[in-house]
Each structure stands twice: as structure tokens, then as C-alpha cells.
Amino acid sequence: DGERIVDLTGVSDWKAPPGNWTVLRFGHVNAKRVNAPAPKEATGWECDKLDPRGIEANFAGYIGRLVDGPLKGGRLDGMIVDSWECERQTWTWRMEEWFKAANGYDVKTILPAVFGWVLDSPEKTDSVLLDWRKTVSGLIAKNYYGRMSELAHAKGLSVAYETAFGDVLP
């Protein structure tokens, strides 16, 4: 008779069969990164670049305030999104939903591969990691760059990007 598995949300119904098991525990938190280099007045937490709400809050708190305030009436023509120094972001609160929509299967089934475990075979692992990387990259393209363009254009601004990522994008 196996032991019950307990997680942070309660007790699961699954009973582990006899044998040796490796238990992997996953969670996510704010990466605790601030934008840099930036003057003190413009420094704060990095936004969630995988969720459109992140860049919406960023835009509203900075460029949006300028365009609707002291630079109202067409005094600002465009903007540039500077380089990316916050390192890699790999998760957002809706990742499970978006991964399934993009790939047709549950991200929880492949999380061990994301952290270096081989699933069934190296070929299967490569395949699911490609799905993972395409999903993360697609979210950045759509929810960060795409959403920033929409917000800028809605205010009559042109937008340019300094996209020197190094190893940031998967």
C-alpha cells in the first residue's frame, strides 16, 4: 500500500505504488529582478513579459503617463524599447493554459524535461522542449512586443526595439 502524496493545495487521491520514487516539486515566484541600468526614478520590478498585463502596467505607468500628461497633444512622436538585461523568464501565471492551447497537451507532463530530466527518450525530450521553447518565444513576441506595439500605436506613437537578447530567448 503506497503512501499518499500531499501537495500545497491539499491531499491528492493518487497513491504511490510500491517502489522507489523521485518526487519533483515545482512552483513559481517573482524573479526579484529590477530593470537596469536605469536612473533611480525609473527603476522597479521587471514586468511579466509573457503576459500582456505586464507590459500594459509598464506602459500605463511610464509612456502612457507622459503621452496623456505633459507630452499630450502629439508632443511625443515615438518610443524605443531598450535592451533586455533581466535574464530569462520561463513562466507566467497562465502558462498551463497557453501551453495547452499552443501544443494540445498539458505542460505538467513535460516539466521534468524543462529542468533537465529525459522523458522516455532523448528524441521525445527534444520534441517537447522544442514545444516549450516555441511557446515561451511566442508569448514574448505576442504579449510583450506585440502588445507594446498595440499600446504605442493606439497613442499615435511609432515604436522601435533594441533586440539584442544573447541567451535570453529560448
Side-chain angles (χ1 to χ4, degrees), residues 7-10 24-116 128-170:
D7 65 22
L8 296 177
T9 62
L24 303 176
R25 192 163 139 190
F26 300 101
H28 73 100
V29 297
N30 174 339
K32 297 188 176 158
R33 292 191 183 104
V34 295
N35 60 321
K40 184 179 178 184
E41 301 79 20
T43 301
W45 293 118
E46 277 292 338
C47 70
D48 181 347
K49 290 176 171 64
L50 302 180
D51 186 296
R53 296 178 316 160
I55 204 58
E56 289 165 2
N58 180 289
F59 188 90
Y62 186 42
I63 298 295
R65 285 175 55 195
L66 293 173
V67 172
D68 292 338
L71 301 180
K72 192 173 188 168
R75 297 169 110 179
L76 183 64
D77 182 53
M79 56 179 275
I80 184 168
V81 176
D82 200 353
S83 60
W84 182 313
E85 278 87 14
C86 65
E87 299 177 23
R88 188 173 302 173
Q89 182 183 344
T90 57
W91 195 264
T92 186
W93 72 286
R94 292 179 64 193
M95 180 60 90
E96 291 179 64
E97 169 192 343
W98 288 334
F99 185 90
K100 186 161 192 164
N103 301 290
Y105 62 94
D106 191 343
V107 71
K108 288 184 266 184
T109 65
I110 68 145
L111 281 179
V114 173
F115 295 97
V128 299
L129 287 176
L130 181 57
D131 290 345
W132 171 260
R133 292 176 184 120
K134 288 194 308 191
T135 301
V136 172
S137 296
L139 291 173
I140 291 169
K142 178 182 176 187
N143 294 338
Y144 179 66
Y145 289 108
R147 187 63 181 135
M148 178 62 86
S149 291
E150 292 169 356
L151 294 167
H153 295 155
K155 297 289 185 181
L157 302 174
S158 65
V159 62
Y161 301 97
E162 179 185 314
T163 55
F165 292 110
D167 71 342
V168 173
L169 292 182

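Being a predicted model, the structure only gives us computed values, none of them experimental. All heavy atoms count here, side chains included; hydrogens, waters and symmetry mates do not.
- When every heavy atom of Trp91 is checked against every heavy atom of Trp93, the shortest pair comes out as CD1-N, 4.5 Å.
- The two atoms that bring Val136 and Leu50 nearest to each other are O-CD2, 3.8 Å, heavy atoms only.
- Atoms OG1 and CD1, from Thr92 and Ile140 in turn, are 10.5 Å apart once rounded to the nearest 0.5 Å.
- A donor-acceptor pair shorter than 3.5 Å cannot be found between the side chains of Tyr144 and Asp48.
- For the atom pair Phe99 CZ and Lys134 NZ, the distance stands at 10.0 Å (nearest 0.5 Å).
- With rounding to the nearest 0.5 Å, the separation of CZ in Arg147 from CG in Asn58 is 12.5 Å.
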Audit row: Asp51, Arg94, side chain to side chain contact (heavy atoms under 4.5 Å, CB included) steps and yes/no:
CA-CA 8 Å; Asp51 186 296; Arg94 292 179 64 193; 4.0 Å; yes
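- Atoms CD and SG, from Gln89 and Cys47 in turn, are 7.5 Å apart once rounded to the nearest 0.5 Å.
- Between Val159 and His153, the closest side-chain pair of non-hydrogen atoms falls below 4.5 Å.
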Report the C-alpha distance between Leu139 and Trp98 in whole Å, list the side-chain angles of each, state the deciding distance to 0.1 Å, and finish with yes or no for side chain to side chain contact (heavy atoms under 4.5 Å, CB included).
CA-CA 8 Å; Leu139 291 173; Trp98 288 334; 3.6 Å; yes
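- With values rounded to the nearest 0.5 angstrom, Ser149 atom OG is found 14.0 Å from Lys142 atom NZ.
- Across all non-hydrogen atoms, the minimal contact from Pro112 to Lys108 is CD-O, 4.1 Å.
- Across all non-hydrogen atoms, the minimal contact from Leu157 to Phe59 is CD1-CZ, 4.5 Å.
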So Val81 and Glu162, side chain to side chain contact (heavy atoms under 4.5 Å, CB included) or not? Walk me through it.
CA-CA 6 Å; Val81 176; Glu162 179 185 314; over 6 Å; no
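- Ion pair Arg53/Glu56 not flagged as a salt bridge, since none of the NZ, NE, NH1 or NH2 atoms sits closer than 4.0 Å to an Asp/Glu carboxylate oxygen.
- Among all heavy-atom pairs drawn from Pro70 and Arg75, the shortest one is O-NH1, 3.0 Å.
- The closest side-chain donor-acceptor pair between Thr135 and Asn103 falls under 3.5 angstrom.
- Panel note: side chain Tyr161, backbone Tyr145; a donor-acceptor pair is recorded below 3.5 Å.
- Atom NZ of Lys100 and atom CG of Asp106 lie 5.5 Å apart (nearest 0.5 Å).
- Atom OH of Tyr62 sits in a sparse spot, with 12 or fewer heavy atoms from other residues, nucleotides or ligands closer than 6.0 Å.
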